[in-house]
Participant: 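Below are the structure tokens for one structure; questions will follow.
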Amino acid sequence: MLLEAIYHQPKRNWAYAYDQDTIRLRLRSKKNDLTEVYALTGDKYAWDETKALVPLIKFTTDSMFDYYEGEVKPPYHRLKYSFLLKDGDEQIWMTETDFQEEEPDDPGRMFQFPYIHAGAVFTPPEWVKDAIFYQIFPERFANGNPDINPDNVEPWGGEPTPFNFFGGDLQGVIDHLDYLSELGINAIYFTPIFEATTNHKYDTEDYLRVDRHFGDADTVKRLVELCHARRIRVLLDAVFNHSGKTFAPFVDVQKNGEQSKYKDWFHVHEFPLDVKDGIPTYETFGFEAHMPKLNTENSEVKAYLLEVAEYWIKEVGADGWRLDVADEVDDAFWREFRRVVKAANPEAYILGEVWNESSAWLQGDQFDASMNYPFTDAVNAFFVKNTMQAEQFANSIGRQLSRYPLQASEVAFNLLDSHDTPRLLTLCEGDQRKMKLAALFQFSYMGAPCIYYGDEIGMDGEHDPGCRKCMEWDEAKQDRELLDFYQKLISLRHAHPALRAEGTIRFLQARPDGSQLVLERKDDEERILILFNRSEETAIVELDAGDGEWTELFGGNHRTAKDDGVLAIELPAYGYAVLSTAVSQRSS
């Protein structure tokens, strides 16, 4: 055993409360170094009466390490524990202080989870586990009320630029709710809808007013009510890192300088406000002069923004917030934000925009999830760009799973593109075979998948502004075959709990130089295999067939044969298959 590689700490994602009665323990070891791992657990005040040896299973792996996990239900909500590590006949015990040959008999030297405090358990909203999100950029989705068009509106479907307008509004969304329901969507993420000067609305002018070109308070209330009647949740976008240049407090600072009562609402380095050599004399988002950074440590700013956060949840019924540039806002603000939002609606979903590893924000005191761009990058690298082999991809996914507590992974926001990236079809260079493989993995993986508006009908587009085209509503110009694929994919996920949070996840095949991938999702009722061939060549994948009968759930462009306990699946170039068997028909 390589003891230097073994790691555990009694906090964060290594020892955490999954619910009010359950503690999950994790341990890391060198890859393929251990054969068995156990946790010796008990209550420190009743050690002999509660002592138990709990097996840990290898729940994921990456290029260097294996990760083991098991759960314990301590009778008194307290836990002392150590680990038993085995490699064949060799074994060693790990305590908080050292490794030792003999079983430890003093709980005082063991790791400790002091107590499960019910109010401190990280409990993301349950509905997100079953959510399928659809991201809408309101200005480009549909023009439902021409009477509120901007003065300089251009004909629908024109070439997007960073500055032009096409008249998309909230009534346009209302007019197409049937389309979203038929697609199978049950959650919408809207980019900002509040008063602002730009087409994207990330330069907020008034946080308590719907943009006049999108509608008004009554429009958004009616939209939310109609969505809820269809069991569609609504996620709004909060830009609390910065405001717009026309935000009234910033206008006052521009006018009155150091004499402004709002000067401490922002981070001003020099008065009067100016831009010198392309750098504003005040802090901003990036170096965008029209997006001044808010001082969220200022008590007045904090009070104002928390009022905004509560208002749209309480008064309008929004189901949560997506938080723009969330990693650049101070943690103390987000902790208070969570308390306010969860008090208004305990089932509100709090989603932070963090592009990197985000475990620091996913400990139950700030966000429920982050926009899972590490997932995006891995999926695109393997299925789209062919820059990653199967084993590398599986390792990347395994590394991500190891970083977060299970409840965070269950509600992860899994996207393949957005208003901030090139569209998926463009990344695939128009090859829908690659696009379908990427989408199939997205919908087979733990967490909530999100479709960027129009991807399902074959819309393309380079990076902003190309990815922000007007939605194509002319069915003759839509890719109806691709739409049918997405409808069936969504229906498949809705119909099979094993593909959602309820199912365990494991790679059955992911070879170092391979282009084939086999993912297993399993719950108590069903075992599902999802097979991918990211190659221009036909591939035959062989697997243990078990004792049950296999049913084809999705695919149709493959051939399957079963002989002498071996399941052989022939996949054409960029082919896929989804097969299912009942767990009750075979040993689990």
Side-chain angles (χ1 to χ4, degrees), residues 1-62 64-118 120-122 359 363-364 398-399 401-410 504-506 524 588:
M1 298 181 200
L2 185 65
L3 300 185
E4 296 93 327
I6 295 170
Y7 182 77
H8 173 80
Q9 60 171 313
K11 57 184 178 179
R12 294 176 72 94
N13 55 311
W14 298 95
Y16 61 94
Y18 180 72
D19 57 36
Q20 295 182 16
D21 301 305
T22 308
I23 295 171
R24 298 184 76 94
L25 302 175
R26 287 181 180 174
L27 180 133
R28 187 195 77 188
S29 68
K30 177 186 174 184
K31 191 167 186 173
N32 299 323
D33 196 38
L34 301 179
T35 55
E36 297 173 82
V37 177
Y38 298 87
L40 180 64
T41 69
D43 186 278
K44 63 183 176 182
Y45 300 119
W47 179 255
D48 291 336
E49 296 82 4
T50 59
K51 183 172 70 172
L53 198 62
V54 178
L56 274 60
I57 64 167
K58 187 191 297 185
F59 83 98
T60 195
T61 188
D62 62 27
M64 298 176 65
F65 303 109
D66 291 329
Y67 301 87
Y68 292 83
E69 184 174 61
E71 68 176 37
V72 186
K73 292 183 180 292
Y76 306 108
H77 297 95
R78 302 178 296 259
L79 196 67
K80 280 282 192 173
Y81 60 97
S82 57
F83 295 101
L84 173 60
L85 316 174
K86 292 190 174 186
D87 177 17
D89 294 333
E90 181 186 359
Q91 70 174 42
I92 196 166
W93 292 87
M94 177 185 180
T95 70
E96 186 175 60
T97 57
D98 58 17
F99 293 95
Q100 60 189 61
E101 299 294 331
E102 301 298 324
E103 176 181 329
D105 57 6
D106 178 8
R109 297 176 58 208
M110 296 183 184
F111 295 102
Q112 176 177 235
F113 194 103
Y115 194 83
I116 302 176
H117 294 279
V121 176
F122 180 17
S359 60
Q363 300 301 312
R399 188 178 305 110
L401 287 172
S402 76
R403 287 171 167 172
Y404 308 118
L406 176 60
Q407 55 264 55
S409 295
E410 289 175 337
T504 60
I505 184 166
R506 181 168 64 133
D524 293 338
S588 57

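Please read all numbers here as calculations on a predicted model, not as lab measurements.
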Participant: Looking only at atom types and distance, does a side-chain atom of Gln407 sit under 3.5 Å from a main-chain N or O of Ala17, one as donor and one as acceptor?
Facilitator: yes
Participant: Distance only, no hydrogens: is a donor on one side chain within 3.5 Å (strictly under) of an acceptor on the other, for Thr35 and Lys86?
Facilitator: no
Participant: So which heavy atom on Lys30 is nearest to which on Asp66, and how close?
Facilitator: O-OD2, 3.8 Å
Participant: Can you see which heavy atom on Gln20 is nearest to which on Ile116, and at what distance?
Facilitator: O-CG2, 3.5 Å
Participant: So do Tyr81 and Pro107 actually touch side chain to side chain, heavy atoms under 4.5 Å?
Facilitator: no
Participant: Taking atom CD1 of Ile57 and atom CD of Glu36, what is their separation to the nearest 0.5 Å?
Facilitator: 13.5 Å
Participant: Using 0.5 Å steps for rounding, measure from the CZ atom of Phe83 to the CG atom of Leu25.
Facilitator: 5.0 Å
Participant: Report, as yes or no, whether the 6.0 Å neighbourhood of atom NZ on Lys31 holds more than 12 heavy atoms from other residues, nucleotides or ligands.
Facilitator: yes
Participant: May I ask you to test the Lys11-Phe111 pair for a side-chain heavy-atom distance under 4.5 Å?
Facilitator: no
Participant: For Glu102, does the CD atom have more than 12 heavy-atom neighbours from other residues, nucleotides or ligands under 6.0 Å away?
Facilitator: no
Participant: Tell me whether the guanidinium CZ or amine NZ of Arg28 lies under 6.0 angstrom from the six-membered ring centre of Phe65 and within 45° of its axis.
Facilitator: yes
Participant: Step by step, work out the side-chain contact (heavy atoms from CB on, under 4.5 Å) result for Met94 and Tyr7.
Facilitator: CA-CA 10 Å; Met94 177 185 180; Tyr7 182 77; over 6 Å; no
Participant: I want to check something: taking the side chain as every heavy atom from C-beta on, are Leu84 and Gln91 in contact at a cut-off of under 4.5 Å?
Facilitator: yes
Participant: Would you tell me whether His8 and Tyr68 have side-chain atoms, one donor and one acceptor, within less than 3.5 Å of each other?
Facilitator: no
Participant: To check you understand the geometry: which heavy-atom pair defines the closest contact between Ala15 and Phe113, and what is its length?
Facilitator: O-CE1, 3.6 Å
Participant: Calculate, to the nearest 0.5 Å, the distance between atoms CG and CD belonging to Leu40 and Glu103 respectively.
Facilitator: 5.0 Å
Participant: Applying side-chain contact (heavy atoms from CB on, under 4.5 Å) to Leu3 and Ile92, what does each step give before you reach the verdict?
Facilitator: CA-CA 10 Å; Leu3 300 185; Ile92 196 166; 4.1 Å; yes
Participant: Find the distance between OH (Tyr404) and CZ (Arg12) and round it off to the nearest 0.5 Å.
Facilitator: 10.5 Å
Participant: Give a yes or no on this: more than 12 heavy atoms of other residues, nucleotides or ligands lie within 6.0 Å of atom CZ of Phe99.
Facilitator: yes
Participant: What are the two closest non-hydrogen atoms of Pro405 and Asn13, and how far apart are they?
Facilitator: N-CB, 3.8 Å
Participant: What's the separation between atom OG in Ser29 and atom CE in Met64, rounded to the nearest 0.5 Å?
Facilitator: 12.0 Å
Participant: Any chance you could lay out the salt bridge (Lys or Arg N to Asp or Glu O under 4.0 Å) test for Arg109 and Asp98, step after step, and finish with the verdict?
Facilitator: CA-CA 9 Å; Arg109 297 176 58 208; Asp98 58 17; 2.9 Å; yes
Participant: Atom OH of residue position Tyr76 - does it have more than 12 heavy atoms of other residues, nucleotides or ligands inside 6.0 Å?
Facilitator: no
Participant: Heavy-atom distance under 4.5 Å between the side chains of Gln112 and Pro10, does that happen here?
Facilitator: no
Participant: For Asp19 versus Lys73, what's the shortest heavy-atom pair and its separation?
Facilitator: OD2-NZ, 4.4 Å
Participant: Are any of the side-chain nitrogens in Asp43 or Arg78 under 4.0 Å away from the carboxylate oxygens of its partner?
Facilitator: yes
Participant: Does the plane of the ring in Trp14 sit parallel, tilted or perpendicular to the ring in Tyr67? Use 30° and 60° as the thresholds.
Facilitator: tilted
Participant: Could you check whether Lys80 pairs with Glu96 (Lys NZ or Arg NE/NH1/NH2 to Asp/Glu carboxylate O, under 4.0 Å)?
Facilitator: no
Participant: Which one of Val54, Asp21, Thr22 satisfies the side-chain contact (heavy atoms from CB on, under 4.5 Å) criterion with Val72?
Facilitator: Val54
Participant: Please find the pair of heavy atoms, one from Tyr16 and one from Glu69, that lie closest to each other, and give the distance.
Facilitator: OH-OE2, 2.9 Å
Participant: Rounded to the nearest 0.5 Å, how far apart are CG of Asp33 and CG of Leu85?
Facilitator: 9.5 Å
Participant: For side-chain contact (heavy atoms from CB on, under 4.5 Å), just list the numbers for Leu56 and Tyr38, CA-CA rounded to whole Å, side-chain angles, deciding distance to a tenth of an Å, and then say yes or no.
Facilitator: CA-CA 5 Å; Leu56 274 60; Tyr38 298 87; 5.7 Å; no
